[in-house]
Amino acid sequence: MARLRLGVLLSGRGSNLRALLDACADPAYPAEIVLVISDRAEAPGLTLAAAAGISGVVIPSRARPAFAAEVGTLLRDQRVDLVCLAGFMRVLDAAFVETWRDRVINVHPSLLPAFPGLHPQRQALAAGVRFAGCTVHFVRPEVDAGPIIAQAVVATRPDDDETSLSARILKVEHRLYPLTVRLIAEGRVRVVAGKVEIDGWRAPKIAALNPCGPPREAPREPLVRHPN
Ligand code: GRF
């Protein structure tokens, strides 16, 4: 069967691009990257693309519709089936998103719908959540919104800062994004009434608690004690 043709849009580092490139290096993987587009000429992701022999195109910053029109032309020229946003820092034009409805996906480092927008890991720590993670979703015109396809969870730790939590989330992004693309490429993913259905879905047989057990050190006086 023909491999799904991917276009990757990025603005920076490109570690998710690298994860997709690694997956696509396996001839049995049902997708291939045919185009990488960056809005920043200095994005390290472009170097990764070049090293993998994939044409990288820079479309510098300009008005949203003009930018989207150029992206659309490139995607059509390369017969792209699925667009993967991978650290792409611009908001896409609403008309573009409609034209490419259910053919554009994004990875975001939070368990959406919690913490959309900038610095989601910082937002998660500020909220004191016990679990953080990442989400791959179909893109809609609203930022970090759209039907959720897949999520991965990491536990937060008492000594976490934004850097340590981001690093652990990024690691699971690198597993989740290629897995999601595979599910789409295999034709298993459908949007039905605004939610995603996946054929052959296997959910893990785990429930995680955080904190996960009695602490090692001696207990302190409880914050609240029954008065008697
Ligand atoms: C990732 O954390 C991704 O979830 C977010 O932007 C970051 C991009 O990282 N949308 P990289 O450029 O793929 O390394």
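Because only heavy atoms are used, hydrogens play no part in the values below, and waters and symmetry mates are left out as well, while side chains stay in. Note that the numbering runs from 1 along the sequence shown for the chain. First listed ligand is number 1; within each ligand, the first listed atom is number 1.
- Salt bridge status for Asp102 with Arg190: absent, with no side-chain N to carboxylate O gap under 4.0 Å.
- Other residues, nucleotides and ligands contribute only 12 or fewer heavy atoms inside 6.0 Å of the CZ atom of Arg18.
- The two residues Leu48 and Leu21 come nearest to each other via the heavy atoms O-CD1, 4.0 Å.
- Contact annotation: the side chain of Glu173 approaches that of Pro109 to within less than 4.5 Å [non-hydrogen atoms, C-beta and beyond].
- With respect to the salt-bridge test (charged N to carboxylate O, under 4.0 angstrom), the residues Glu142 and Arg140 do not qualify.
- Protein residues with a heavy atom closer than 4.0 Å to ligand 1 are Arg13, Gly14, Ser15, Asn16, Gly87, Val107, His108, Pro109, Leu170, Glu173, listed by chain and number.
- Under the 4.5 Å side-chain contact rule for hydrophobic residues, Val57 and Val36 do not share a cluster.
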